[in-house]
Amino acid sequence: MIENVLSFFFNDEYIHVETGDFLVGEQRALLVNDKILFNGKLYKELYFEPVSKKASFALKEVTIGKGFHWERKEDQCFNGALDILITETGLLAINEIDVEDYLISVISSEMNATCSKEMLKTHAVISRSWLLAQIEKSRQLAQDHTQHIACYQDSERLIRWYDREDHSLYDVCADDHCQRYQGITKASTARVEEAVRETSGEILAHEEQICDARFSKCCGGVSEEFEHCWEPVHHPYLSAVRDNLTETTLPDLTREEEAEKWIRTTPDAFCHTSDQKILAQILTDYDQETPDFYRWKVEYTQAELSALFNQNMDGLINLGLIRDLVPIKRGTSGRIEELKIIGTCGSIIIGKELEIRRILSSTHLFSSAFVVDRLEVKGGIPGRFVLTGAGWGHGVGLCQIGAAVMSTQGHTYRQILSHYYPGAQIKKRY
């Protein structure tokens with residue numbers, strides 16, 4: 001959370017480390033001339049420690065789902081310490097908390113805390129694995145003095161991906177960019193705490209390395225490979241998986257004709273469900289506002305699509321009117337990795353999947369697995385575009401809705417993890 005003014009509330013006693021003062025109640029910090037004004041004094045940094053483990057603090061109007069169609073503000077409550085730093089864009093609030101306590105919050109934030117026990121245990125293992133893998137990766141980059149590159153740009157293309165390396169002052173953010181972490185705002189349950197405790201220290205590993213265990217809402221029938229969404233590195237445990245145990249053959253969705261056939265139909269898959277009881281377990285209240293996720297449609301007029309492109313490209317290039325959207329490269333799930341946008345004044349190739357989703361929507365498209373119909377074409381220029389798509393999110397690793405269905409069918413968390421992360425093993429690290 002970054003603001004010029006931070007309002008927060010200590011529900012219990014906290015120690016202001018810089019002064020040793022014990023604080024309770026309403027607090028306010030302001031950015032003034034590159035310093036933090038707090039209780040009449042200026043500081044370079046503020047750090048508050050809880051007096052007891054159960055002590056909590058609240059932050060006002062935290063933005064969640066930033067840039068996505070469910071974006072909104074809510075007041076949030078957290079256990080643990082509070083660190084306030086100065087950045088170029090404002091005051092940054094950082095919550096320091098134990099890994100296992102963090103996991104209880106992540107699971108309660110990512111899904112309904114009343115979800116099935118096996119699904120909760122599944123998520124405990126992958127969320128723990130992902131977090132520890134990111135921390136290890138950051139340490140390795142720092143140790144090797146390696147610069148993180150996440151963008152290639154020239155006059156013909158813009159290829160960009162977004163990952164947690166964008167964060168340099170903290171381990172992970174609290175939103176969908178990393179993992180949803182909303183503190184103790186979302187009510188936890190004894191079942192969530194049991195799931196974390198019963199899997200304590202368990203991680204997914206491949207060749208003794210902690211797995212970068214990615215997950216998304218709905219794969220659309222086949223999971224995606226890591227390198228088609230992020231840096232060009234292949235992880236064997238993040239390979240394409242058919243979301244079905246009875247039909248395991250994989251269609252070649254990197255081929256345009258196969259991708260089109262796949263996306264325009266509804267093949268059987270675990271994540272192809274409309275069972276509201278299951279969906280209510282895995283989807284939070286605002287996620288349930290999205291009824292169509294396995295297959296979906298979005299329609300734009302020429303004026304709408306041209307305006308979206310110009311707005312989201314920040315004036316980088318003027319293509320004039322949009323003639324066509326042409327997939328150049330698709331991943332194993334049919335998600336477009338590189339898309340050529342052709343206009344009356346030029347063209348550009350954009351990627352990877354999240355950048356495509358960002359540029360072609362006022363928020364984000366559900367996924368980049370889509371095909372395009374050009375309608376009302378006059379003089380080679382469409383009056384309307386219809387995008388027919390598959391899945392919700394990047395599709396790499398575990399499919400949350402598919403995994404929820406598997407858990408209700410009696411599959412254990414070990415079987416679910418084995419399905420979505422082929423070749424990975426569960427190891428107990430602590």
Side-chain angles (χ1 to χ4, degrees), residues 64 97-134 164 172-205 210-219 223 237-238 241 243 270-271 273 278-288 293 392-421 424-429:
I64 63 172
I97 192 167
D98 177 81
V99 169
E100 300 300 299
D101 291 334
Y102 166 81
L103 292 175
I104 291 173
S105 171
V106 165
I107 294 170
S108 301
S109 303
E110 283 282 350
M111 65 191 74
N112 196 311
T114 61
C115 196
S116 73
K117 182 75 167 289
E118 293 303 306
M119 182 61 198
L120 295 173
K121 291 168 75 172
T122 299
H123 228 296
V125 174
I126 63 173
S127 291
R128 184 184 294 111
S129 302
W130 179 85
L131 173 65
L132 297 179
Q134 304 317 305
R164 65 131 321 271
V172 291
C173 74
D175 211 359
D176 294 77
H177 184 274
C178 290
Q179 297 187 112
R180 289 181 184 175
Y181 170 69
Q182 295 161 7
I184 56 175
T185 310
K186 296 290 186 293
S188 182
T189 63
R191 184 182 292 179
V192 172
E193 295 173 10
E194 287 172 6
V196 172
R197 185 172 61 251
E198 290 175 13
T199 62
S200 177
E202 288 187 358
I203 52 93
L204 281 174
I210 301 175
C211 290
D212 187 348
R214 304 288 166 129
F215 58 90
S216 65
K217 277 286 180 285
C218 174
C219 67
S223 61
Y237 55 87
L238 294 178
V241 172
D243 198 26
F270 287 124
C271 58
T273 182
I278 295 175
L279 294 176
Q281 289 183 34
I282 197 66
L283 301 179
T284 62
D285 50 357
Y286 48 86
D287 283 334
Q288 292 182 54
F293 49 82
W392 181 2
H394 52 68
V396 178
L398 179 126
C399 172
Q400 289 177 308
I401 292 173
V405 172
M406 287 187 72
S407 71
T408 62
Q409 292 180 358
H411 296 282
T412 68
Y413 81 103
R414 291 179 177 272
Q415 292 171 327
I416 295 170
L417 292 171
S418 177
H419 173 63
Y420 288 108
Y421 303 97
Q425 296 179 316
I426 298 176
K427 302 279 188 179
K428 191 169 180 66
R429 286 297 176 93

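Computed from a predicted model, the values in this text were never measured in an experiment.
- Phe270 has its side chain out of reach of Ile416: every pair of non-hydrogen atoms, C-beta onward, lies at least 4.5 Å apart.
- With values rounded to the nearest 0.5 angstrom, Ile104 atom CD1 is found 9.0 Å from Asp98 atom CG.
- In this structure, the separation between CG on Leu417 and CD1 on Ile426 is 5.0 Å, given to the nearest 0.5 Å.
- Taking CZ from Phe293 and CD1 from Ile401, the interatomic distance works out to 3.5 Å, rounded to the nearest 0.5 Å.
- At a threshold of 4.5 Å between non-hydrogen side-chain atoms, the residues Met406 and Thr122 do not count as touching.
- The salt bridge (charged side-chain N to carboxylate O under 4.0 Å, His left out) test applied to Glu100 returns Arg128, not counting sequence neighbours.
- Nearest heavy atoms, Ser407 versus Met119: OG-CB, 3.8 Å.
- Residues forming a salt bridge (charged side-chain N to carboxylate O under 4.0 Å, His left out) with Asp243 (at least two apart in sequence, or on another chain): none.
- For Ala424, the side chain to side chain contact (heavy atoms under 4.5 Å, CB included) partners two or more places apart in sequence, or in a different chain, are Leu204, Cys211, Tyr237, Tyr421.
- Within the model, atoms CG of Leu238 and CG of Asp212 stand 6.5 Å from one another, a figure rounded to the nearest 0.5 Å.
- Closest approach of Val241 and Ser223 over heavy atoms only: N-OG, 2.8 Å.
- Between atom SG of residue Cys218 and atom CG of residue Leu279 there is a gap of 9.5 Å, rounded to the nearest 0.5 Å.
- Considering only residues two or more places apart in sequence or on other chains, Thr408 meets the side-chain hydrogen bond (donor to acceptor under 3.5 Å, both in side chains) condition with none of them.
- From Lys427, atom NZ reaches atom CZ of Arg429 across 8.0 Å, with rounding to the nearest 0.5 Å.
- Under the 3.5 Å distance criterion, the side-chain polar atoms of Gln281 are matched with a main-chain donor or acceptor of Ser116.
- Residues passing the side-chain hydrogen bond (donor to acceptor under 3.5 Å, both in side chains) test with Glu202 are Tyr413, sequence neighbours excluded.
- Under the side-chain hydrogen bond (donor to acceptor under 3.5 Å, both in side chains) criterion, Lys117 pairs with Glu194, Glu198, not counting sequence neighbours.
- Residues passing the side chain to side chain contact (heavy atoms under 4.5 Å, CB included) test with Ser216 are His394, sequence neighbours excluded.
- In terms of modelled atom types and a separation under 3.5 Å, the side chain of Ser127 and the main chain of His123 share a donor-acceptor contact.
- Listed for the Ser129 side chain is a donor-acceptor partner under 3.5 Å among the backbone atoms of Val125.
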